Amino acid sequence: MKILVSNDDGYFAPGITLLAEALRQLGEVTVVAPERDRSGASNSLTLDRPLVVRRAPNGFFSVNGTPTDCVHIAVTGLLDFTPDVIVSGINLGANMGDDTIYSGTVAAAAEGYLLGIPSVAVSLTSKAGEHFESAIGIALELVGRLRREPTGEPMLLNVNVPDVEPDRLRGIEVTRLGKRHKAEPVTKLKTPRGETAYWIGPAGGAQDSGPGTDFHAVDNCRVSVTPLRLDLTHNTQLPLAREWLAR
Ligand code: MN
């Protein structure tokens, strides 16, 4: 099995190093990841300049672009094979609910999915990063299952693993995305030149976090697995839009 690994925290992040190492027991692993932390990069592609790919001493490829650039370049030119699966992570911090819109971790997997490859984004749900081994175990379990038991059609799976010891995890739950409250206010700062600068604040707390959501699973020490799609059409609002325009 040929496995492409990427992330948004950068090619040097502990999460990607541990992930790549562990996945070697399931197949041939290639890492293509951003040269610096591009968390929050979403699905952006770099179109205004060429990108440079460098090889680190440990064999990882780094790219001076976004997570989406990394997977795009890897699949459409850098590699001489098509990966069987793409795994993005292990992200340091949750990607639940609306986070998925901004997440570079999810975006790297989404790019693989758009290119027709089964893709999995894996996040550890706290910034403390105390139990990467739990997320690694889940990534191995899911990729192992994909190898044994392909899903038929490619899936884009968004996985969030509670940052607890592996034996404290209470199973895997297939979930839908929850929703957060609106974001915390920006922080205003004075620059040395007397200008006002704005620092975007953290995401808000969970608003829709009832049973069935990723938030609820993680709050109850379960791993959440949410299948995502990238079709943004609001199908149930089609009649409203038609009716409004006909007025
Ligand atoms: Mn990140």
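Whatever order the structure lists them in is the order used to number ligands and atoms, beginning at 1. Everything numeric here is computed off the predicted structure, so don't read it as measured data.
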Lys/Arg N to Asp/Glu carboxylate O, D99 vs R180, below 4.0 Å: yes
Taking only Lys NZ, Arg NE, NH1 and NH2, and the carboxylate oxygens of Asp or Glu, determine whether D208 and R176 approach each other closer than 4.0 Å. yes
Could you list the residues that satisfy side chain to side chain donor-acceptor pair (under 3.5 Å) with T187, not counting sequence neighbours? none
Evaluate side-chain contact (heavy atoms from CB on, under 4.5 Å) for V63 paired with V52, printing each intermediate quantity in order. CA-CA 6 Å; V63 180; V52 177; over 6 Å; no
Atoms of the protein (N/O/S only) found under 2.8 Å from the Mn ion (ligand 1): D8 OD1, D9 OD1, S39 OG, N91 OD1
Applying salt bridge (charged side-chain N to carboxylate O under 4.0 Å, His left out), can you list everything that pairs with K2, at least two apart in sequence or on another chain? none
Under 3.5 Å donor-acceptor pairs involving side-chain atoms of residues 15-28, not counting sequence neighbours:
| residue | atom | partner | partner atom | Å |
| --- | --- | --- | --- | --- |
| T17 | OG1 | A13 | O | 3.0 |
| Q25 | NE2 | A22 | O | 3.3 |

